[in-house]
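A quick write-up on the structure given underneath.
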Amino acid sequence: MPSKPGNGDESRNRDIKATIFAPTFDNKFSLVPISIEAMTLYVTTTLNAFLGFEDDIVIGLIINNLTKCRNDHVRGLEGIDPKSIALDLEGFLGKEEALSFVGVMWEEFRKMSASISASNAVKEVVAKYKKDKTASTIAVPAPVPAPAKVDSSGKVKKSRWGNSNDSKNNSNNNNSNNNNNNNNNNNNNNNNNNNNNNSNNNSNSNDGNDRPAKRRKSRWDADNNS
């Protein structure tokens, strides 16, 4: 006799209500952050250690249910209840072993999903910070000069403090003029010293001219004296 539509779901719901599940099965989270490869690796490693041998049929059944559940989460649907996965494994593992294995697996996937989501959130925050920092260092607005004040005659008013650049230029010009004046004073002093030296030389030469010239004695002077 063909079964009526919905009889399988009703039977499964009755089995779920009749079974006592650990609180872990009521945890709601998304399998989207966890890749199919990561789930396959975990199921294969854990189930082989649990059974003591590799059972491809049981591994395939679990991975198919997890894949469907993850695809439902991607589409925003609730996905397969882990309680239903545990009931599917009763015929292979036994009721107690199936409940124990699926309960541990579901809790581990919850931790993995939370850890990956947190890690991705941190990466997004860091990437946004770097992007904002780069944009702020590149796009630096140029300073806008203050508008000049104009009096009633149309002339630009000067601040009583003056322009800092003009003050610097004026001070530099004053320093240059002072240096030039000092150089001129030094040149004048040098010229005066030269003039004094020349006058001293002239006076010495005149003193020599005023003295009577000494006559050289001739060999005839001795004869004349004799």
Side-chain angles (χ1 to χ4, degrees), residues 1-140:
M1 181 179 179
S3 60
K4 295 180 181 180
N7 285 347
D9 293 339
E10 292 178 1
S11 176
R12 176 54 56 89
N13 290 334
R14 285 195 300 267
D15 293 338
I16 290 176
K17 291 180 181 179
T19 306
I20 299 176
F21 294 93
T24 305
F25 286 87
D26 295 327
N27 292 331
K28 302 295 183 181
F29 60 92
S30 176
L31 288 175
V32 175
I34 309 173
S35 64
I36 300 296
E37 293 77 9
M39 290 190 291
T40 301
L41 179 62
Y42 174 84
V43 170
T44 302
T45 304
T46 307
L47 191 60
N48 290 345
F50 185 81
L51 297 176
F53 61 91
E54 185 173 354
D55 193 331
D56 294 335
I57 297 176
V58 178
I59 293 174
L61 178 62
I62 297 173
I63 296 302
N64 287 336
N65 286 328
L66 291 175
T67 302
K68 292 177 182 179
C69 184
R70 186 178 185 276
N71 292 336
D72 289 340
H73 289 171
V74 171
R75 292 191 295 268
L77 303 177
E78 185 176 355
I80 299 175
D81 194 336
K83 298 176 181 179
S84 180
I85 298 176
L87 294 178
D88 288 340
L89 295 178
E90 283 186 2
F92 300 94
L93 305 178
K95 185 175 183 178
E96 296 298 329
E97 286 76 7
L99 292 175
S100 177
F101 175 79
V102 176
V104 174
M105 177 190 72
W106 200 248
E107 177 63 16
E108 288 298 319
F109 285 165
R110 183 190 67 80
K111 294 178 180 178
M112 291 173 61
S113 177
S115 177
I116 296 173
S117 299
S119 177
N120 291 337
V122 171
K123 290 180 181 179
E124 290 178 0
V125 171
V126 172
K128 185 177 182 302
Y129 171 77
K130 290 182 178 180
K131 183 178 179 181
D132 294 342
K133 186 176 181 181
T134 303
S136 63
T137 54
I138 293 176
V140 177

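Start at 1 with the first residue, then count along the sequence.
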Revision key, fill the gap. Value for CD1 (Ile63) from CG (Asp56), rounded to nearest 0.5 Å, stands at 11.5 Å
Review point. So, does Arg12 use its side chain to make a donor-acceptor pair with the main chain of Ser84 at under 3.5 Å?
Key: yes
Practice item. Give, for atom OG of Ser35 and atom CD1 of Ile116, the distance between the pair rounded to the nearest 0.5 Å. Key: 7.0 Å
Point to revise | Stepwise side-chain contact (heavy atoms from CB on, under 4.5 Å) check, Leu61 with Phe92 | key: CA-CA 10 Å; Leu61 178 62; Phe92 300 94; 3.7 Å; yes
Practice item. Drop me the distance from Leu66's CG to Asn71's CG, to the nearest 0.5 angstrom. Key: 11.0 Å
Check your understanding: Any side-chain heavy atom of Ile62 within less than 4.5 Å of one from Phe101?
Key -> yes
Practice item. Run the numbers on Met105 and Met39 for side-chain contact (heavy atoms from CB on, under 4.5 Å), then give the verdict. Key: CA-CA 9 Å; Met105 177 190 72; Met39 290 190 291; over 6 Å; no
Review point. Just by distance, do the side chain of His73 and the backbone of Leu31 share a donor-acceptor pair under 3.5 Å?
Key: yes
**Study point:** Considering all heavy atoms, the nearest Ala86-Leu99 contact
**Key:** CB-CD2, 4.0 Å
Exercise for review: Return yes if some donor-acceptor pair links the side-chain N/O of Thr44 with the main-chain N/O of Thr40 below 3.5 Å, else return no.
Suggested key: yes
Exercise for review: Would you check, one step at a time, whether the test side-chain contact (heavy atoms from CB on, under 4.5 Å) holds for Leu93 with Leu51?
Suggested key: CA-CA 9 Å; Leu93 305 178; Leu51 297 176; 3.4 Å; yes
**Study point:** Lys83 NZ to Phe25 CZ distance, which is reported to the nearest 0.5 Å
**Key:** 8.5 Å
Practice item. Taking the six-membered ring for Trp and the single ring otherwise, decide whether the centroids of Tyr42 and Phe109 are under 6.0 Å apart. Key: yes
Exercise for review: List for me each residue that meets salt bridge (charged side-chain N to carboxylate O under 4.0 Å, His left out) alongside Asp72, sequence neighbours excluded, and say none if there are none.
Suggested key: Arg75
Point to revise | Residue Lys28 excluded, over 12 heavy atoms near NZ under 6.0 Å | key: yes
Check your understanding: How long is the span from the CG atom in Asn64 to the CD1 atom in Ile85, to the nearest 0.5 Å?
Key -> 10.5 Å
Check your understanding: Are Ile59 and Glu54 close enough that some pair of their side-chain heavy atoms sits under 4.5 Å apart?
Key -> yes
Review point. Quick check: are there more than 12 heavy atoms from other residues, nucleotides or ligands sitting under 6.0 Å from CG of Leu77?
Key: yes
Exercise for review: Indicate yes or no: at least one non-hydrogen side-chain atom of Phe21 is less than 4.5 angstrom from one of Asp26.
Suggested key: no
Review point. Measuring from Leu41:CG to Thr46:OG1, what's the distance to the nearest 0.5 Å?
Key: 8.5 Å
Practice item. Show your reasoning for whether side-chain contact (heavy atoms from CB on, under 4.5 Å) applies to Thr24 and Arg110. Key: CA-CA 9 Å; Thr24 305; Arg110 183 190 67 80; over 6 Å; no
Exercise for review: Check whether any side-chain N or O of Arg70 sits under 3.5 Å from a backbone N or O of Ile34 as a donor-acceptor pair, and report yes or no.
Suggested key: yes
Review point. Looking only at atom types and distance, does a side-chain atom of Ser117 sit under 3.5 Å from a main-chain N or O of Ser113, one as donor and one as acceptor?
Key: yes
